K.L.:
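Encoded as structure tokens, here's the structure I'll be asking about.
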Amino acid sequence: MDVTPADLAARSVPAGDPLARLDDLEEIPLAEQVAVFETIHSHLSARLANAEG
């Protein structure tokens, strides 16, 4: 079974603000950084959609 960036993000993002993961970015392996950025992108996109609605 292949692990996707979304799978990694779901396992590694703590509760709360995903932007807090940027503080630890240098300690995260490069392959997992993609998942962190995708999670942050999704989080910010949802916030923008709520702000526009």
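Side chains included, hydrogens not; waters and symmetry mates left out as well; all remaining heavy atoms used. On a predicted model such as this, the values are computed, not experimentally measured, just so you know.
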K.L.:
At their closest point, which heavy atom of Ile28 faces which heavy atom of Arg21, and how far apart are they?
P.N.:
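Smallest interatomic distance, heavy atoms only, reads CD1-NH2, 2.7 Å.
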K.L.:
Where do His43 and Asp17 come nearest, in terms of heavy atoms and distance?
P.N.:
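His43 and Asp17 have their closest heavy atoms at NE2-OD1, 3.5 Å.
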K.L.:
For Leu44, which residues count as a side chain to side chain contact (heavy atoms under 4.5 Å, CB included) partner, sequence neighbours excluded?
P.N.:
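Testing Leu44 for side chain to side chain contact (heavy atoms under 4.5 Å, CB included), a comparison that skips the adjacent residues, returns Leu19, Ile40.
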K.L.:
If I take atom CD from residue Glu38 and atom CD from residue Gln33, how far apart are they, to the nearest 0.5 angstrom?
P.N.:
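Those atoms lie 12.5 Å apart.
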